[in-house]
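Read the structure below first, then the notes.
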Amino acid sequence: MQETSNHAPTPKRLWRLMVVLLFLSLALVAPYLAEQVQYGLTRGQLRARSDAAAEQLSALAGSAQLVKLSDTSRAFRLVAQRIESSVVHIDTRQGRPAAGSALPDEWNHPYRRGAFPLQGQGSGVIVDEAGYVLTNHHVVNNADEIEVRLSDGRTISKVEVVGYDVLTDLAVLKIEATGLTAAAWGDSRELEVGDWVLAMGNPYGLDRTMTAGIVSAKQRRGFSQTPYQDFLQTDAAVNPGNSGGPLVDIGGNLVGITTAIIGRSYQGISFAIPSEVAREVYDRLRENGTVPRGWLGIEPRDVRSDQVDELKLPGPAGALVFRVLSDSPAAKAGLQVGDVIIEWNGEQVLDATELPLLVAATEIGSKAKIVVIRDGKRRTLETVVGERPEFDSLQPDDGR
C-alpha cells in the first residue's frame, strides 16, 4: 500500500497561496492600472475638447466673414499687398534739440554724424488720397525738416504739419502727390483678445517690414505719461522706426497706429493707438489743427485698499482728488482734496485712469454733475466743463 506524502499541498493551502499571489500581483499592477485609467480620463477630456474645438473651427472656416486657418499665409500676403502702398517712411532732421527735452527712440537711431544735426525716422500711413498722412507726434516733434518717402520710391520734401495732439501722440501731415492709396479704416472696437493683427513700418530703416501677432489686451491705461491714451496691446514685433505705422486686422483694415514698446527694443509687448481714438483725433486735427478737450482741473489718483476705511468708502472704486488747481472748474465747483469722485455725468468712475477720459469727452462749456463721497457721505456737485489749457500753469489749491 502506497503512503501519502505529508508535504503535498492540500487544496486549502493552494487556495491560500493563490490568494497571496493574486494580492501581490494586484499590489504591483494597481498603480499602473490607476495611472492608465487617469490617462484614459485625461485623453477623454482632451478628445472631447478637441472635438468641440474642431466643430467650432469648422464653423469659423465656413463663415464668409472669416479667413480659413489653412489660408492664413495667403491672407497675410494679401494684407501685405493691401497696406504696403499706404505705408510711408518718414525722415526728420532737427538742427538742435529743445532745451531740456528727452529725445524719443526714433531720434536715438545711429544715423547721425557729429553732435548736430540730429536725424530721426519713423513711419506713417496715408489715410486720404488727397495726401493726408497719420503718424505719431513724437516722430515729427521739433523737426526742422520732414521728408516722406512713398512706396513707389518718390521722396516728398514739401511736407506740412496740419496739426498734432501731444496727449494721444498723433500728428497729421499733408503732402502734395498724386496716385496715392489710402488705407481703409477699420473699427478697433470689434477686435477681441486673440484676433490676428499685423504691423507694417520701417524698423531701423528697413522699409515696409511686416510683422504678425495677436491682440494681447485692450484698453491698456495707466502706464504712459498721459491719462488720455487707451492702448491696444499686441505681440506683433515692433522696434524703433515702426512708430506711426499702421496696425491692421486680418482684412487689411486700419485698426491702430503703432506707437510704443516697453524697453529700448521689442520684448514681446507692443502698443498701438486704437482706430477708435485715432480716427476721431485725425478728423479734429484735419478740421481745426487742434483737439480741444473738456477739463476739470484736478490730479486724480486711485483709491488704495488701505484708504477705504479712512475715507469711509464702500469699496476701492472711484478717483481720489489729490490736487485741485486754483481757478479751475473743479475749484469753482467746490471739489476738495480727499473727495472721491464716483460718478461723472451719470457714468460710474471706476478708477483714476477713467475719469480724465470721461471729462475729455464732455462738451466744453456744458454743465456736468459730479457725485463724490466726502466724510462718508454722498454729495452732488455741478461744474461747467472748461477747455483743457495747453500747459497747466495754474497753481494747485490744497482744498483745506
Taking Asp207 first and then Arg149, would you say they form a salt bridge - that is, a charged N and a carboxylate O separated by under 4.0 Å? yes
Output yes when Asp128 and Arg286 qualify as a salt bridge under the 4.0 Å nitrogen-oxygen rule, no when they do not. yes
Under 4.5 Å between any side-chain heavy atoms of Ser188 and Leu232, yes or no? yes
Spacing of Thr92 atom OG1 and Glu147 atom CD [to the nearest 0.5 Å]: 10.0 Å
Can Ile298 and Leu355 be said to form a side chain to side chain contact (heavy atoms under 4.5 Å, CB included), step by step? CA-CA 10 Å; Ile298 67 166; Leu355 179 63; 3.8 Å; yes
Within the distance-only criterion (no hydrogens, no angle test), does the side chain of Ser275 pair as donor or acceptor with the backbone N or O of Gly186 below 3.5 angstrom? yes
Before accepting this row, confirm whether a basic side-chain N of the pair Glu299/Arg323 lies closer than 4.0 Å to the acidic partner's carboxylate O. yes
Intermediate values then yes/no, side chain to side chain contact (heavy atoms under 4.5 Å, CB included), Leu358 and Asn345: CA-CA 9 Å; Leu358 293 172; Asn345 255 359; over 6 Å; no
Do Ser151 and Ser85 have side-chain atoms, one donor and one acceptor, less than 3.5 Å apart? no
Salt-bridge criterion met for Lys312 and Glu310 (N-O under 4.0 Å): no
Do the ring planes of Trp185 and Tyr282 sit parallel (below 30°), tilted (30 to 60°) or perpendicular (above 60°)? tilted
Do Asn136 and Thr259 meet the criterion of a side-chain donor-acceptor pair at a distance under 3.5 Å? yes
Would you call Trp295 and Val385 a side-chain contact if the rule is heavy atoms closer than 4.5 Å? no
Run the side chain to side chain contact (heavy atoms under 4.5 Å, CB included) check on Thr155 and Asp91 step by step: do they pass? CA-CA 10 Å; Thr155 298; Asp91 287 309; over 6 Å; no
Are Arg154 and Asp152 close enough for a salt bridge, meaning some N to O gap below 4.0 Å? yes
Using the six-membered ring wherever Trp is involved, compare the ring planes of Phe271 and Phe231 and label them parallel, tilted or perpendicular (cut-offs 30° and 60°). tilted
Check: Ile175 and Leu150 side chains under 4.5 Å, non-hydrogen atoms: yes
Go through Val159 and Val133 one step at a time and tell me if the side chain to side chain contact (heavy atoms under 4.5 Å, CB included) criterion holds. CA-CA 10 Å; Val159 180; Val133 174; over 6 Å; no
